[in-house]
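To start, the structure under review is shown below, and the notes come after it.
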Amino acid sequence: MSSFTRRRFLSLSAATLGTTAAGTWTTTLAVDATPAPGEVKEIPTFCEMCFWRCGGIAHVRDGKLWKFEGNPRDPQSNGRLCPRGTGAVGAHYDPDRLRQPLMRVGERGKEQWKAVGWDEALGFVAERMNRIKAEHGPESVALFNHGFGQRFFQHVLKTWGVINYAGSSYAQCRGARDVGFLLTYGAGVGSPEPTDIRNTDCLVLVGSHLGENMHNSQVQEFAQAVERRASVIVVDPRFSVAASKAKYWLPVKPGTDLALIMAWCNLLVQEGRYDKAFVAQHGHGFDKFVEAIKGNTVEWAAEQCDVSPELIVAAAREMASHRPATIVHPGRRVNWYGDDTQRSRGIALLNALLGNYGRKGGLYVAQGISMAPYGLNKYPEHARHRLDGAEADRYPFADEGITTSIRDATVSGKPYPIKGWFVYSTNLMQALPSEAETIKAIQNLDLLVVCETMPSEMAGWADVILPDTIFLERHDELLTGFGRNGWAALRQPVVAAPHDQKPAWWIAKELANKLGIGECMPFKDLEEYLKVRVEKSGHSWDKLKAEGVIMAPHKPITVEEGLALEFATPSGKVEFWSDQLAAKGFDAVPKYTKHPEAPPGSFRLITGRAPGHTFSRTQTNPLLHDLMPENEIWVNAATAARLGIRNREYVTLKNQDGVLSNRVRVKATQRIREDTVYMVYGFGHSNKLMKTAYLMGASAGQLNSSYRTDPIMGATSIHTNFVSLVKEA
Ligand code: SF4
């Protein structure tokens, strides 16, 4: 941390905490508001700096938040947090946080506000919602949500009649992967991914950059695997940190991954290196699969992918030599080219050939924990169909809501109008493709409510902004996790909110009261709700508050531990040939099709993540900002030299549709292919209220104006744009 920022951080701490003492939030804190001088309290809770939700312990000294570290009892952290997790202290003190409810006074999107009280803000929201309901029906209000705090918004809005709700974590992230595995094994991948990296002998990463992609416990296991010299194979146009640990790095041309995966499948079959016993016992349609892929030769794939045939063969033989303790990682943010369900299905099938399902060192079968429900109300029957997902028969295998389908209906008014958006904790301007389409949809709304901690670009378009607390200042729903053991974790407030922010559950409850459905939140506060759930489940509330985590007894997760494999597919087997897909007109076996090449003078833009930031949510955090204040555009060093661009020089990016980015620094490096450029997602903020991050770096979301939609389940692509580099005058 630079001395300037540290001074700023410390002075902010003092100023902010001065306000805390006068705060109005009266929910019981786990820490005494008037501690003895020098007293340190340690309070367990779980992190929400990203979706991995690691258990941590907050240290509160003299009533002030001091540090946040891992909870050794917790399976997601094992006692250690990633840099973003420890940086959660900075989220509490962040000077750019939203402080009180705001209502728009000028034209939508002009970012002119007046501060109002909660009563006025929620009264306005309820009145507008009821007006939309009277004119168009309750289905015409939609919820976009992300993160753990959304639970009670979804409950209240579903009770009121909302049926269209979606998170960008599905169609803009992991959805295609889960559907690809679901179609193959009868179960999605889930989170955390049940990859037994701890015991694996060979880890194959296809476009997945563990280490930069900082999913705490998974990265810990990856580091252990590297230390005990497990083989690592990395497929990535960029020499990532993971690639630097690899035995084989395959720098494929972007968009050709599926050709490589199917050629690997074919090679394993042709050389008889697949798990014949697993396929004979559990496979469905294997002969038809073999016939379908026989044209996917190594030579063909080498030409498509622009890597040597020898490398393809060596990598395939390496992974086969370690089976079943080989994992081809399913990945996470896999929405790249618009045909991502089939690529993920290809990865699922490659794993099946390696016979690693339910095996030690492969993909284990995650177990959960059973916790009693509180007993909330049921939701009313709805008269209309949802307009997204399988119910609309638009994307037949979608099993969650699709953000862009809601957006499409908001623009077109079909099949029925969408007139209200309630947006919780998701910056749709950066998360969804085509900013222009999102703005077009917003212009058709009668109500846009944004509930957030930060003045995001999305908040800039709102009619009403409701300031949420950060996770260290609130209770949330009980976390029930799947893994090697099931577990439950408690989120509890450790410090008061510094201004007039309110916890998400409180906002949902007050909104329910204003909507006349207060009985759907029949508890005084969330502590009462959580205590009922925990004690009904036979656990001690006081013990959970003190320890933060309840672990379920261990059940078998691998064949080696006595697990009997079952597959919930229509055939009851692993579907090498998918009758389900064929019946809906899709390829029963994944088939590679070529993607467009970059136009002359342009490069394919690919994106990824940095270990110190989460999406577009952390750039103003005073601790994390210093780790990485802006992103860079990675450009091959030879290409940069040819263009006359120096390392660390600023350029502007211009995409195929003429969209221009903010200025961004060039990282000229040999660690990327010449036809590709790369940047970290989430930077380039354009909301002036994000003072620390305003116009720092470029926004990959803004450049994603051209996208394809996966016809199987509705995922939208992110790697289908090309950019040229424009030198600054
Ligand atoms: Fe927090 Fe890091 Fe864990 Fe994410 S991975 S929950 S940011 S500690």
Side-chain angles (χ1 to χ4, degrees), residues 42-59 65 67-94 146-150 167 169 173-174 190-195 197-198 208-224 241-242 329 331-333 425-427 453-454 469-474 476-484 487-492 494 548-549 608-628 680-682:
E42 296 183 9
I43 304 133
T45 188
F46 65 90
C47 181
E48 186 85 18
M49 292 298 283
C50 87
F51 48 78
W52 207 249
R53 303 193 176 116
C54 300
I57 297 178
H59 293 237
L65 179 61
K67 70 174 173 179
F68 189 45
E69 61 184 15
N71 182 350
R73 297 177 195 275
D74 180 82
Q76 291 294 84
S77 75
N78 303 306
R80 280 177 287 172
L81 300 182
C82 83
R84 293 165 303 166
T86 54
V89 175
H92 174 65
Y93 296 119
D94 193 325
H146 191 265
F148 216 64
Q150 59 86 21
S169 54
C173 188
R174 57 171 174 77
S191 179
E193 291 85 24
T195 47
I197 299 174
R198 186 186 291 172
S208 182
H209 46 250
L210 294 190
E212 289 158 281
N213 198 352
M214 183 55 76
H215 301 150
N216 190 1
S217 50
Q218 187 166 244
V219 174
Q220 290 178 27
E221 291 195 23
F222 180 45
Q224 290 160 7
V241 172
H329 198 290
R332 186 146 191 134
R333 189 166 163 278
S425 195
T426 178
N427 187 1
T453 57
M454 302 303 302
T469 50
I470 69 154
F471 73 92
L472 289 163
E473 301 156 356
R474 66 176 194 239
D476 263 331
E477 176 60 288
L478 201 63
L479 168 63
T480 51
F482 284 80
R484 290 189 175 93
W487 84 97
L490 175 67
R491 174 166 290 152
Q492 55 186 333
V494 300
V549 181
R609 298 189 58 193
H613 284 288
T614 301
F615 313 128
S616 61
R617 305 192 63 77
T618 51
Q619 284 73 27
T620 60
N621 180 314
L623 297 176
L624 302 180
H625 178 85
D626 271 19
L627 287 179
M628 185 176 175
V680 169
Y681 213 82

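Residue numbers start at 1 and run along the sequence shown. One-based numbering, in listed order, for ligands and for the atoms of each.
- For ligand 1 and Arg53, the ligand atoms under 4.0 Å from any heavy atom of the residue are 6 (S).
- For ligand 1, the atoms lying closer than 4.0 Å to a non-hydrogen atom of Asn216 are 3 (Fe), 5 (S).
- Taking atom 3 (Fe) of ligand 1 as the reference point, the nearest protein heavy-atom neighbour is Cys54 SG, 2.3 Å.
- Against a heavy-atom cut-off of under 4.0 Å, Met49 is close to the following atoms of ligand 1: 7 (S).
- Listed by number with element, the atoms of ligand 1 under 4.0 Å from a non-hydrogen atom of Met214 are 5 (S).
- There is no side-chain donor-acceptor pair under 3.5 Å between Ser191 and Arg53.
- For the 3.5 Å distance criterion, the side chains of His146 and Ser169 fail to qualify, holding no donor opposite an acceptor.
- Atom-to-atom distance recorded for Leu624:CG and Thr86:OG1 is 7.0 Å, nearest 0.5 angstrom.
- Checking each of Gln492, Glu48, His92 against Phe471 for a side chain to side chain contact (heavy atoms under 4.5 Å, CB included) leaves exactly one that passes, namely Glu48.
- Taking every heavy atom of Cys82 and a limit of under 4.0 angstrom, the matching atoms of ligand 1 come to 2 (Fe), 5 (S), 7 (S), 8 (S).
- Under the 6.0 Å cut-off for aromatic ring centres, Phe46 and Phe148 qualify, their centroids lying closer than that.
- Nearest to atom 1 (Fe) of ligand 1 among the protein's heavy atoms is Cys47 SG, 2.4 Å.
- Counting heavy-atom neighbours within 6.0 Å of Phe51 CZ, excluding the residue itself, gives a total above 12.
- Rounding to the nearest 0.5 Å gives a distance of 15.5 Å between OH of Tyr681 and NE2 of His613.
- Each of the following atoms of ligand 1 lies closer than 4.0 Å to a heavy atom of Arg84: 2 (Fe), 4 (Fe), 5 (S), 7 (S).
- The nearest N, O or S atom of Cys50 is not closer to atom 2 (Fe) of ligand 1 than 2.8 Å.
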